[in-house]
Trainee: 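Got a structure for you, questions after.
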Amino acid sequence: MGRKDVNVGIVGTGLYIPQTYMTSEDIARETGIPEEIIRTKFGIIKKPIPGPEDHTCYMGIQAAKDCLKRTGVDPKEIDLIIYIGEEHKEYLLWTSGIKLQYEIGAENAWAFDMALRCGTAVAALKIAKDMMIADDNINTVLIAGGYRNVDFIDYKNPRVSFMYDLAAGGGAILLKKNYNRNIVLEASIITDGSFSEDVAVVGGGTKYPVSHEMIDKGLYKLDVLNPEHMRKGLEEKSMPNFLHVIKESLRKSGYTPSDIGYLAILHMKRSAHEFILNELGLSPDKSIYLENYGHMGQIDQILSTHLALEEGKIKDGDVVVWVSAGIGYVWDAITIKWGPIE
């Protein structure tokens with residue numbers, strides 16, 4: 001549990017959601033899949049997509065500003081910024097967190113970027129907590145970023161149908177040492193490199209540099225490079241690993257699945273969402289199905305928590321679990337005890 005005299009608490013969250021949307025009807029038209037299937041099986045009613053100015057770091061900046069406005073925290077109080085946005089951003093070879101630090105006026109902070117695909121927010125919460133406990137000079141941390149990997153979806157490619165829900169948006173969460181509320185507890189993380197090259201954007205890296213040929217072949221889109229390997233492997237491992245990280249995070253925090261008050265989970269197909277709730281013995285009101293938002297990658301847990309607080313689904317005393325999974329493959333979860341310390 002780390003030093004017993006130190007706790008790390010969540011002060012608040014912030015969001016940025018683009019005003020432009022893609023609906024189930026739009027996705028049906030692009031894919032040729034009946035709209036009813038898009039709504040019921042894929043679980044998408046609509047999803048935000050980026051407008052002309054909705055660049056990745058920009059959306060993270062807007063979410064960070066929203067978070068600071070909601071919490072009333074002076075950006076000069078921030079000691080560290082962990083940027084959790086995607087690699088796909090305004091420029092290549094560019095540290096987005098430093099730009100975000102400057103734009104919000106966090107002149108006393110330092111910043112770095114981290115990436116674990118859709119598992120980044122959960123891992124960042126653990127890393128922020130551990131750094132705050134270990135370093136007496138880190139007392140206030142902002143985690144923020146943007147996401148628009150929807151740009152890489154080819155709706156004519158059925159191999160990427162499980163990513164038709166990719167969307168766009170930004171999220172932020174602010175932490176304080178010894179805040180004595182909304183305490184971040186323990187995490188559980190699994191990574192499995194046997195899947196590491198199953199899904200990728202092939203073009204643009206050192207193996208297949210940018211070229212006319214790369215563009216002509218459509219190698220600048222997300223694709224599943226080994227569909228059969230990924231399908232068989234995930235059928236065997238994905239749901240068990242989801243449940244394992246949830247249960248292990250809870251166990252390390254002193255709880256069991258029966259204690260869960262709210263589960264902040266990424267958007268996935270409706271049947272998988274319902275399966276996880278059923279396996280944990282949770283009723284549907286213990287989570288929010290993000291059918292009006294799609295999948296914003298690592299922003300989903302921040303979004304889900306933000307919405308749950310607005311809707312009164314998270315109350316003082318609740319045990320909240322964040323859980324995610326990302327291509328690579330990663331499964332991770334972290335437990336939060338909401339409300340004041342008892």
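Atoms considered below: every heavy atom in the structure, side chains included; atoms not considered: hydrogens, waters and symmetry mates.
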Trainee: Between Glu248 and Arg251 (salt bridge meaning N to carboxylate O under 4.0 Å), is one present in this structure?
Mentor: yes
Trainee: Under 3.5 Å, is there a donor-acceptor pair between the Asp79 and Asn137 side chains?
Mentor: no
Trainee: So that I can tick it off, tell me whether Glu235 and Arg231 are bridged by a salt bridge, with the cut-off set at under 4.0 angstrom between side-chain N and carboxylate O.
Mentor: yes
Trainee: Would you call Asp192-Lys237 a salt bridge at under 4.0 Å N-O?
Mentor: yes
Trainee: Report yes or no: does Asn108 contribute a side-chain atom to a donor-acceptor pair with the main-chain N or O of Lys76 at less than 3.5 Å?
Mentor: yes
Trainee: Heavy-atom distance under 4.5 Å between the side chains of Trp338 and Asp316, does that happen here?
Mentor: yes
Trainee: Between Tyr147 and His88, does the ring centroid distance fall short of 6.0 Å?
Mentor: no
Trainee: Among Arg117, Arg159, Met163, find the one that has a side chain to side chain contact (heavy atoms under 4.5 Å, CB included) with Val199.
Mentor: Met163
Trainee: Assess whether a salt bridge exists between Glu291 and Lys46, defined as any Lys/Arg side-chain N lying under 4.0 Å from an Asp/Glu carboxylate O.
Mentor: no
Trainee: Thinking salt bridges, do Asp26 and Arg29 make one under a 4.0 Å N-O criterion?
Mentor: yes
Trainee: Counting only heavy atoms not in Tyr208, do more than 12 sit closer than 6.0 Å to its OH atom?
Mentor: no
Trainee: Only one of Asn7, Val73, Asn182, Ile78 clears side chain to side chain contact (heavy atoms under 4.5 Å, CB included) with Lys176; which?
Mentor: Val73
Trainee: Evaluate the side-chain contact (heavy atoms from CB on, under 4.5 Å) criterion for residues Ile302 and Trp322: first the C-alpha distance (whole Å), next the side-chain angles of each, then the deciding distance (0.1 Å), finally the verdict.
Mentor: CA-CA 9 Å; Ile302 299 173; Trp322 282 17; 3.8 Å; yes
Trainee: For Ser161 and Pro158, indicate whether the former's side chain and the latter's backbone hold a donor-acceptor pair under 3.5 Å.
Mentor: yes
Trainee: Would Glu186 and Ser253 count as having a side-chain donor-acceptor pair, cut-off 3.5 Å?
Mentor: no
Trainee: Do the rings of Trp94 and Tyr91 sit parallel, tilted or perpendicular, given the 30° and 60° boundaries?
Mentor: perpendicular
Trainee: Without hydrogens or angle criteria, can the side chains of Tyr262 and Ser304 be said to hold a donor-acceptor pair below 3.5 Å?
Mentor: yes
Trainee: Assess whether a salt bridge exists between Lys217 and Glu213, defined as any Lys/Arg side-chain N lying under 4.0 Å from an Asp/Glu carboxylate O.
Mentor: yes
